[in-house]
Amino acid sequence: MEIRAIDTPLLDWAGEGLALGLFEDAVELTGEIAQLDEKFAGVLKELIAETEFKGKEGSSAVTRVGGGSPIRKVMLVGLGKPDSLKLDTWRRAAAVVARLAKKEKCKRLGISLPVWNNDPTATAQAIAEGAQLALFQDNRFKSEPEDKGSGVDQIDLLGLEGQDEPIARANQICSGVILARELVAAPANAVTPVTMAETAQAIASEYGLQVEILEREDCEKLGMGAFLGVAQASDIPPKFIHLTYKPESTPKRKVAIIGKGVTFDSGGLNIKGAGSGIETMKMDMGGAATTLGAAKAIAQLKPDVEVHFISAVTENMISGHAMHPGDILKASNGKTIEVNNTDAEGRLTLADALVFAEKLGVDAIVDLATLTGACIIALGDDIAGLFSPDDGLATQLEKAAEAVGEKIWRMPMEEKYFEGLKSGIADMKNTGPRPGGSITAALFLQQFVKETAWAHLDIAGPVWTDKENGYNSSGATGFGVRTLVNWVLAEV
Ligand code: BES
Ligand code: MN
Ligand code: ZN
């Protein structure tokens, strides 16, 4: 599918489907749209009246244009009230029309939306992102896909001539989001620690990143007892992935992005029971998928920032080699952990990844993890929990997420709750009481960061959606890639 910004006037454009955006309660046609309506013998006015189209955000209407017109279908999409204009409305509107065009079998789609906030560059990027993300369809595991490709093979952005760069940027970012979605959606017998390492290597060789894969023995030498404790019951070897993007000029800052990479979480000997959603636990590498997706996008966008992409990838399984509940592990910073619950495994893998990242001497560390069910209970399926002792970094991430339409919400790092992790025998336990479970998880992670600015995003909710939601189809969302990219690109 190709997206182009073209200079054809609205009245002259030809193609199967033309989509027009209208604001809420402002559906009287004016200017070029009124002229277009005249050209189509009043079909737009008729459509608005017939469908009682009010321009509500996300609403749409479609009709056939008869009379040998060079346009087969005309679509309207609502943009909501013009006084609360978020760029994400444009992404969502593009998603609505792209899906409608696909349903209406329009191979070539023209999109004409007003310019957001006098910013044609942001407008073009948002429309290109929304359309691509909505049209992505995963047919990898179907022997005969019901739905072969998107059906839409060309999208023309009208009124945005010259905006080729933002479209290219959208393509690069979406390639990262789609990689993350594909990794998360693939089952645990297709995406394993070994294939995750291969994917990292493939990104490195395609886009010129440095790559280092630490094997079990390398991790042993570094004393990564927490990560290796989780890995010890699996028949598939663990892989510690470290990709590095270095700009050509001296970097303005250096950051590390860490993702939880548990390719399947059985719970270990504290095995997940009936109703626990064990069959969905292929998505427990969502943080690592986001990290690799961000690596793919950032490698193409080439910012002046050095970025390390890290994941300690393993399965959490059971076998005669499994951790016993109650085992004591020693992490690579020397701290000892009593594993009172083998199902709180993500934080064990992240502990060693955080210690590794801090040794790189970066200015900031952000980790993303499908860490706790408790975070879903707190914030629901659409919102990630943001935990950070650093107000500056937290604000940067909030701004980055807001701009791309991903929802994150800052949670408290209530120090007192660390009492719940106190152990009689080791430095700490890995699991606290059920109340405040996402907070104690974050407090646990904090033990493995000494002085670097650090933030943790618990993405257990938004990594996946059961139903179509904006530009996400049901399934893996690729959540976090766009926030991370925007955060790395931002001037701070
Ligand atoms: N991977 C899970 C968290 C999770 C749960 C992600 C549901 C997505 C959906 C994590 O490893 C886990 O099992 N957490 C436990 C922690 C508990 C044992 C302290 C949880 O949330 O129940
Ligand atoms: Mn678990
Ligand atoms: Zn897990």
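What's counted below: heavy atoms across the whole structure, side chains too, no hydrogens, waters or symmetry copies. Note that the numbering runs from 1 along the sequence shown for the chain. Just follow the structure's listing: the first ligand is 1, and inside any ligand the first atom is 1.
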Review point. For E406 and T483, does a side-chain donor sit closer than 3.5 Å to a side-chain acceptor?
Key: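 Present: a donor and an acceptor within the cut-off.
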Check your understanding: Does one side chain, of E57 or T89, offer a donor that lies under 3.5 Å from an acceptor on the other?
Key ->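 Yes, side-chain donor-acceptor contact under 3.5 Å.
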Salt bridge present between [X] and [Y] (N-O < 4.0 angstrom):
X    : Y    : value
K260 : D367 : no
D352 : K330 : no
D88  : K86  : no

Review point. In Å, rounded to the nearest 0.5 Å, how long is the span from CD of Q132 to CD1 of I178?
Key: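 Taking CD in Q132 and CD1 in I178, the distance rounds to 6.0 Å.
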Exercise for review: Please assess E402 against K399 for the test side chain to side chain contact (heavy atoms under 4.5 Å, CB included), listing each intermediate value before the final yes or no.
Suggested key: CA-CA 5 Å; E402 162 75 27; K399 280 194 188 151; 5.7 Å; no
Exercise for review: Please list, in chain and residue-number order, the protein N/O/S atoms closer than 2.8 Å to the Zn ion (ligand 3).
Suggested key: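 Short answer, with waters excluded from the count: K260 NZ, D265 OD2, D284 OD2, E345 OE2.
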Exercise for review: Please lay out, stage by stage, how L292 and F309 fare under the test side chain to side chain contact (heavy atoms under 4.5 Å, CB included).
Suggested key: CA-CA 7 Å; L292 293 182; F309 305 92; 5.6 Å; no
Practice item. With 2.8 Å as the limit, jot down which protein N, O or S atoms are around the Mn ion (ligand 2). Key: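 Listed by chain and number: D265 OD2, D343 O, D343 OD1, E345 OE1.
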Check your understanding: Mind checking what makes ring-ring contact (aromatic ring centres under 6.0 Å, His included) contact with Y471, not counting sequence neighbours?
Key ->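 With neighbours one apart ignored, the set is empty.
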If we ignore hydrogens and angles and just use 3.5 Å, is the side chain of [X] paired with the main-chain N or O of [Y] as donor and acceptor?
X    : Y    : value
R181 : F479 : no
N316 : T342 : yes
R253 : V305 : no
E358 : T452 : yes

Review point. What residues come within 4.0 Å of ligand 1, counting heavy atoms only?
Key: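 Answer by chain and number: K260, D265, K272, M281, M283, D284, N341, D343, E345, R347, T370, L371, T372, G373, I376, T431, A460.
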